[in-house]
2 protein chains.
Amino acid sequence: MEEGTSQSPGYCCDTDGDPYDARQWDTRNDCEVRQILDRIADKWSLLVIALLDRRTLRFTELRRAVDGVSQRMLARTLRQLERDGLVRRTVHAAVPPRVDYELTPLGATLHTTIRALVDWTETHQNEIAAARAAYDVREAAEQAAQEREAARRDAIARDVLAGRL
Amino acid sequence: MEEGTSQSPGYCCDTDGDPYDARQWDTRNDCEVRQILDRIADKWSLLVIALLDRRTLRFTELRRAVDGVSQRMLARTLRQLERDGLVRRTVHAAVPPRVDYELTPLGATLHTTIRALVDWTETHQNEIAAARAAYDVREAAEQAAQEREAARRDAIARDVLAGRL
DNA sequence: CTGAATCCCTTCCGATACTG
DNA sequence: CAGTATCGGAAGGGATTCAG
């Protein structure tokens, strides 16, 4: 197996004290949650779950549908989703071999939630694009101002030096 | 700047034909959406948005609260969230310097959605853990069976060879 | 057809050191 | 305090090859 099941050291909970914030999800709860979140929020997992909504697809169909995924990453993604109980894998003994993938009931509930997130993104993507553009403009202006200031200081310093000598 | 704004080549839309699935988010829509999703579904972004719910925090406060983030990643995360218009950054001219971070209205709406995702994860984390355990058991059993089978074949082959010679 | 295994390059990210 | 710059190790991920 390429990667093991174990996490890198220090990834998980060791903060026991510090009851720092009870109003919401604090850092302690993220030990398990964060790891799962990283998995399902993954670029390919998201797409696979999306594409498997209410239907069954074969490996190659998924491969073509996702369009950009390598067979390696698709296989890995599907294996993990299967392991997490979100996708069911059915092997048909046949020649040529045929493997079907479909969402489990658990996976179907995730689809709803993910869908909400994607909807938010679609709804606000223009605002985000606008915010980025505005930010980039501000940053560029600031940088230009700094460069002008630097040039000014440089000129002054040269003048002083010239006056001295 | 360490990483530029531009994406890696071939990351975005080039699939124009293939009107393959109109019922849901197909691959074409993900050009923009996926990129934004990757950003907001990021491990640190998620936590930062969570912690900034309805309050203002300073850099160091966030650093301590997240507990595990490096100053590098926190700074990067905050910069990106600011650029995306999700977080407002306020610099107070003072000694020592003080910088406050808070959610923008846009960021606040994201908080609700993210919260739904995290709630799903918390709700189903036990099911996922169970699924993983079951999967691992099945896999181990399969592997053991394969090894027994291999040993059996090996023994037969040796017997045949011994009979021949 | 459906993968698993290998090679190899790129990106991510933490540790460290340095500015304002 | 609030960052930025640089480096090196680790992980991500594509291309290719092999197997069932």
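All heavy atoms count here, side chains included; hydrogens, waters and symmetry mates do not.
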> Taking atom P of D:dC1 as reference, at what distance in whole Å does atom CD of B:Glu61 sit?
Replying inline: 11 Å

> With B:Arg132, which residues qualify under side-chain contact (heavy atoms from CB on, under 4.5 Å), at least two apart?
Replying inline: A:Gln35, A:Ile36, A:Arg39, A:Arg83, A:Asp84, B:Ile128

> Using a cut-off of 4.0 Å between protein heavy atoms and nucleotide atoms, how would you tag nucleotides 15-20 of chain D 5' to 3' with B, S and -?
Replying inline: BB---B

>> By nearest heavy atom, map A:Met73 and B:Val99 onto DNA chain D; which one lands nearer the 5' end?
In response: B:Val99

> When the distance from CD of B:Gln80 to C1' of D:dG3 is rounded to whole Å, what number comes out?
Replying inline: 16 Å

>> Taking 4.0 Å as the cut-off, does a side-chain nitrogen or oxygen of A:Arg79 come that near to OP1 or OP2 on C:dG3?
In response: no

>> Restricting to side-chain hydrogen bond (donor to acceptor under 3.5 Å, both in side chains), what partner residues turn up for A:Glu82, sequence neighbours left out?
In response: none

> Expressed in angstrom and rounded to an integer, what is the separation of B:Phe59 atom CZ from C:dT19 atom P?
Replying inline: 18 Å

> For the pair made of CG in A:Leu78 and C1' in C:dC1, what is the distance, rounded to whole Å?
Replying inline: 14 Å

> Between D:dA2, D:dG14, D:dT4, which nucleotide has the shortest distance from any of its atoms to the side chain of B:Ala75?
Replying inline: D:dT4

> Can you check whether A:Val69 reaches A:Leu47 side chain to side chain, under 4.5 Å on heavy atoms?
Replying inline: no

> How many Å lie between CG on B:Asp42 and P on D:dA11, as a whole number?
Replying inline: 18 Å

> Quick one: B:Arg89 CZ to D:dT4 P, roughly how many Å, whole number?
Replying inline: 7 Å

> Quick one: does A:Glu61's side chain have a donor or acceptor within less than 3.5 Å of a partner on A:Arg58's backbone?
Replying inline: yes

> Atom CG of B:Leu57 and atom P of D:dG3: how far apart are they, to the nearest Å?
Replying inline: 13 Å

>> Please enumerate all residues that pass side-chain hydrogen bond (donor to acceptor under 3.5 Å, both in side chains) together with A:Trp120, with sequence neighbours excluded.
In response: A:His124, B:Thr109

> Can you name the side-chain contact (heavy atoms from CB on, under 4.5 Å) partners of A:Val91, sequence neighbours left out?
Replying inline: A:Arg89, A:Val99

>> Test of understanding: with side-chain contact (heavy atoms from CB on, under 4.5 Å), list the residues that count as partners of B:Arg88, not counting sequence neighbours.
In response: B:Thr90, B:Glu102, B:Thr104, B:Pro105

> Whole Å only: how far is the CZ atom of B:Arg76 from the C1' atom of D:dA2?
Replying inline: 17 Å

